[in-house]
Amino acid sequence: MFVVMIKSLITFAVVFFVIRLMGKRQIGEMQPFELVITLIIAEVACIPMNDPYIPLYYGLVPIITLATLHIVLSFVSRKSVKVRKVLSGSSVIVVDKSGINYENLKKMNMNMDDLIEAIRTAGYVDFTEIAYAIFETNGQLCVVEKEQQQQSRGGEQAQSVENADEQPTLLPLELVIDGKLVDENMRLAGAEKSDIESVLKEKKLKISDLLYADVRQDGTAYFSPKRSQAFCGQLAISGGGNW
């Protein structure tokens, strides 16, 4: 028992030193190779701790080796752009001036629900407010607002509380995701499939061509086709007060 305790303390001290040596990044800010090295270190550190008959160096040698590997890879990536792209990848634009980028979503193995969740986590609920959304190499999402949205936010800050309260807050409700109607939300909004098809017909599109579509309480709808320019339209809805 005493041996296990001593080995655990030594292992903790070594791992702590190694993690400090690797830098102060949080887990969500790590590059792919850094995350892999960290996970492996966590695994090999447990080997000598769990079995008193396994020599301590069975865990320490791999930890020090991986720490050295991290230092070498970090140094090489700072010196070479090509190596940096191989190790860390490149940033990916998922929303651009044409709308949601379907091809880039596929490259990242993401679906629309994943993107919607990431956008909301970043503090946005309305795709019409977004000029660009970029996934960085560490998995963080960077959102750039449209210019008019930035100006309107500046104006809102100058308004009094009373005037701000007079303007209703509109929350988009998803109607189409990955070319399929969200039946529950269609009923909630009181929207008709034929009304959506009528708007799409003007653009020579079908519902199956849409990557995403939503509607606000005032009937303003946003449509983002898989392979063409995003656009806004107006839907006749009867349930605008339901959400």
Side-chain angles (χ1 to χ4, degrees), residues 89-137 139-156 167-186 188-237 239-240 243:
S90 302
S91 300
V92 179
I93 298 176
V94 290
V95 178
D96 54 29
K97 60 183 180 181
S98 297
I100 301 169
N101 193 310
Y102 178 57
E103 296 301 325
N104 284 348
L105 276 184
K106 290 197 299 182
K107 290 178 182 178
M108 297 186 64
N109 291 322
M110 291 184 65
N111 56 47
M112 270 306 304
D113 290 325
D114 295 331
L115 179 59
I116 293 170
E117 181 179 351
I119 292 292
R120 287 177 178 172
T121 301
Y124 297 84
V125 295
D126 197 334
F127 281 95
T128 61
E129 299 177 357
I130 300 172
Y132 294 94
I134 307 166
F135 271 105
E136 305 295 352
T137 55
Q140 298 292 321
L141 181 67
C142 173
V143 176
V144 180
E145 294 181 346
K146 291 181 178 178
E147 183 177 353
Q148 61 267 31
Q149 185 64 25
Q150 295 174 354
Q151 294 174 352
S152 65
R153 290 203 176 200
E156 288 176 0
Q167 299 179 354
T169 300
L170 302 180
L171 178 66
L173 182 69
E174 300 89 2
L175 298 182
V176 179
I177 294 179
D178 292 326
K180 297 181 180 179
L181 291 172
V182 183
D183 294 331
E184 181 180 353
N185 289 350
M186 289 286 290
L188 182 64
E192 298 293 335
K193 178 181 178 181
S194 58
D195 195 16
I196 296 177
E197 290 175 333
S198 177
V199 174
L200 295 178
K201 188 175 181 180
E202 299 177 4
K203 302 288 185 177
K204 298 181 180 179
L205 295 170
K206 299 178 181 178
I207 291 178
S208 59
D209 296 325
L210 291 177
L211 181 60
Y212 174 82
D214 61 32
V215 68
R216 290 141 199 79
Q217 287 90 338
D218 62 356
T220 302
Y222 171 81
F223 302 90
S224 184
K226 294 178 180 178
R227 294 181 174 84
S228 57
Q229 182 84 24
F231 60 94
C232 292
Q234 195 71 26
L235 295 178
I237 61 173
W243 80 94

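These values consider heavy atoms only, across backbone and side chains, with no hydrogens, waters or symmetry-generated copies.
Taking a 6.0 Å sphere around CD of E103, one finds it holds more than 12 heavy atoms contributed by other residues, nucleotides or ligands. Atom NZ of K106 has more than 12 neighbouring heavy atoms from other residues, nucleotides or ligands inside a 6.0 Å radius.
Annotation: side chain of D209 is not in contact with side chain of K203 (no heavy-atom distance under 4.5 Å). A 4.5 Å side-chain heavy-atom check between Q234 and T220 finds at least one atom pair inside the cut-off. Looking at heavy atoms from C-beta onward, N101 lies out of side-chain contact with V95 at the 4.5 angstrom threshold. By the 4.5 Å heavy-atom criterion applied to side chains, I196 and F223 are counted as neighbours. Side chains of I134 and I93 form a contact here, defined as non-hydrogen atoms less than 4.5 Å apart. Counting heavy atoms from C-beta outward, M108 and D114 have side chains that stay 4.5 Å or more apart.
Side-chain atoms of N104 never come within 3.5 Å of backbone atoms of V92 as a donor-acceptor pair (strictly under, hydrogens ignored).
Between S91 and E136 the shortest heavy-atom distance is OG-OE1, 2.7 Å. Across all their heavy atoms, Y132 and D96 have their closest contact at CD2-CA, 3.7 Å. Between F135 and G139, the closest heavy-atom pair is CD2-O, 3.7 Å. Taking all atoms of both residues into account, the shortest heavy-atom contact from D113 to N111 is N-OD1, 3.1 Å. Here the closest non-hydrogen pair linking A189 and L175 is CB-CD2, 4.4 Å. Nearest heavy-atom pair, V125 versus P172, reported as atom, atom and distance to 0.1 Å: O-CG, 3.3 Å.
For the atom pair L235 CG and E192 CD, the distance stands at 10.5 Å (nearest 0.5 Å). Annotation: the span from K193 atom NZ to L200 atom CG amounts to 11.0 Å, rounded to 0.5 Å. The line from OH of Y102 to CG of D178 is 7.0 Å long, rounded to the nearest 0.5 Å. Summarising the geometry, atom CG belonging to L141 is positioned 8.5 Å from atom OG1 belonging to T121; distances are rounded to the nearest 0.5 Å. Between the CH2 atom in W243 and the CG atom in L171 there is a gap of 8.5 Å [rounded to 0.5 Å]. We find the CG-OH distance between L105 and Y212 to be 12.5 Å, quoted to the nearest 0.5 Å.
A salt bridge does not link R120 to E117: none of the charged nitrogens lies less than 4.0 Å from a carboxylate oxygen.
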